Amino acid sequence: MTKQRLGDDALRISFSNVTKRYGAVMALDKFSAEVAPGRITAFLGANGSGKTTSMRLLLGLAEPTAGTALVGGCSYHELAHPLRTVGAVLDQGFQPHRSARNHLRIVAVQAGVPASRVDEVLDLVGLTEAANRRAGKFSLGMRQRLALASAVIGDPSVLVLDEPFNGLDPQGIQTLRVFLRNFADNGGTVFLSSHLLAEIANNADDAIIIDHGRLVSAGSIADLVPATAGTVVTTPDTEALTAALRATGAMVERSGIDRLTVTNVSTEVIGRAAIVAGAVILGMRAEGDDLEAIFENLIHPKELVS
Amino acid sequence: MINLIRIEILKLRTSPALFATAVAALGLSLGAAITNVLIKPGQGDPAIGSAANAQDVLSQAGAVGSQAIFILGILVVAGEYRHRTIMGAFLAQPRRFRVIVAKMATMGAVGAALSAVIYAITTATAVSVYASKGVHHLPVSLVDLGLGTVVSGACYGLLGVAVGALARNTVAAIIGGIVWIQVLEVAVLENAAPSFAKWLPVGAARGLTSVGSSLDVLSRPVSAAVLMVWAAGLVLMAGALSTRRELR
């Protein structure tokens, strides 16, 4: 079942000039952004930059001082079936004495879905064997899985996830990664915040970067990470490879004892030049893949310049 | 609303609070009733089996049960804030007032049912203990006393929900509630200003569970009305505050 049954606009998240002030603190300052269906959109920013506040405003847990945060053109309060439209993982807690199964039974009734969904989502997040254990005995990763199960039990079309990878083991991260990709590929909207920039770079389609409550950048990861950025090549034969690359028209800079930064040519050209020069290549990575550096550069440009 | 009440009942059934409260309230109620029948009355105390004595013994069930239900009502709301499960409740039902009303309705019903069970068991036990002391007829209406106890229990359930929603902090709400009941109303105002105290929640509850007593209490219908006005007022305040407050 694809999520597009509701239509694209019904699944779009939009923040329009959202301002949120807590006393003297400006948590969000005229923040505007769009989250499109069928894509995984990462919400990036330092601690206290306004990510969680934005998500809470979107979910009606707080009211904006000005502006609107809408799902499919509606405020969260106006949604006819909130849990069947939006699945959220924030820092919701669990009654520590209640089992995972009983917790999900309650969420199933809240969402208005049959109790059989409980076993389905327990299986989906890999908690079937721990279903009858008390949530208070769960590890951080298991609580995160239970939170995800709660979010998807209503088969929503939109997912709003605050740091969903936190506490997950590598297998859990892989499972979540595949799940989110399938969810988006089926037309669902995925809006997630994360500090794991490498994870985002590899899996998200779009990114919204926020700093001090203001939008810094929004767009596709591909646009954010410039294709023309250099390639860092690690080789013990720097002299020979430099000469061979310059013959192809490449611009080569020595960036370490065994490292070259190459621009203007593709990785294929670099590989062929290495064969011609008889140079051994120990490693090659696109400089622009370093989302962490780009992120730092976007939110702390002055510090990097100085 | 029916679905919201179903959810609240499911929450109560799947947490230890209801069972623990019921067991504790029943134990205390039975203990107080048995002890009061068995202990030889002191000079000036009503004789065993007299209307005043039976009134004292059986109203213990109402008092202990109501206070336990009051604490359960607090836990039903403040416990959700403590464990942050309230966020899930408000995400599922963004009209928060409805969530508070559903909790109120649930606790009203649970309070009435729990009071009835505690009262029935305590009364049956007390009657047996009286019989062992040679008293085979109690000169009070057990049905009237039971009805008053049930209404009082229901209203205390509502009051607990309201206090829990207002305070949001479990410990502060329980301590604040007990100080209000035991210190402010019972220890201070009932002695210093009894004509005022009878209009307060404990005074009104006493009016409900004082059948044929010589105490200066409100009539039973007025007591019920006063207690309901208290509960409704506090619940309205709690509902309004819950709607306006932000969850952080």
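Quick caveat, the model's predicted, so the values are computed rather than measured. Every chain is numbered from 1 and lettered A, B, ... according to where its sequence line falls, protein lines coming before strand lines.
- Surrounding CZ of B:Arg6 are at most 12 heavy atoms belonging to other residues, nucleotides or ligands under 6.0 Å away.
- Of the two parts of A:Leu79, neither the backbone nor the side chain holds a non-hydrogen atom closer than 4.5 Å to a non-hydrogen atom of chain B.
- By the neighbour-count criterion of 12 heavy atoms within 6.0 Å, atom CZ of A:Arg117 is densely surrounded, having more than that number from other residues, nucleotides or ligands.
- Contacts of A:Arg105 with chain B are made by both backbone and side-chain atoms, with heavy-atom separations under 4.5 Å.
- Here the closest heavy-atom approach between residue A:Ile106 and residue B:Ile7 is recorded as CG2-CG2, 3.9 Å.
- For B:Arg82, no part lies near chain A; criterion is any non-hydrogen pair under 4.5 Å.
- Residues from residues 95-104 of chain A that place a non-hydrogen atom less than 4.5 Å from a non-hydrogen atom of chain B comprise A:Gln95, A:Pro96, A:His97, A:Arg98, A:Asn102, given in numerical order.
- More than 12 heavy-atom neighbours from other residues, nucleotides or ligands sit within 6.0 angstrom of CZ on B:Arg168.
- Around atom NE2 of A:His77, more than 12 heavy atoms belonging to other residues, nucleotides or ligands sit under 6.0 Å away.
- Atom CH2 of B:Trp180 sits in a crowded spot, with more than 12 heavy atoms from other residues, nucleotides or ligands closer than 6.0 Å.
- Here the closest non-hydrogen pair linking B:Leu91 and A:Ala88 is CD1-CB, 4.2 Å.
- Using a 4.5 Å cut-off between heavy atoms, A:Tyr76 contacts chain B through both its backbone and its side chain.
- Per-residue heavy-atom pair counts under 4.5 Å with chain A were compared for B:Pro94, B:Ala17, B:Gly88, and the maximum is reached by B:Pro94.
- Contact check for B:Phe90 versus A:Leu59: no side-chain heavy atoms found under the 4.5 Å cut-off.
- Counted within 6.0 Å of CG on A:Leu140, heavy atoms from surrounding residues, nucleotides or ligands total more than 12; the atom is thus considered enclosed.
- Looking at A:Glu78, neither its backbone nor its side chain comes within 4.5 Å of chain B, counting heavy atoms on both sides.
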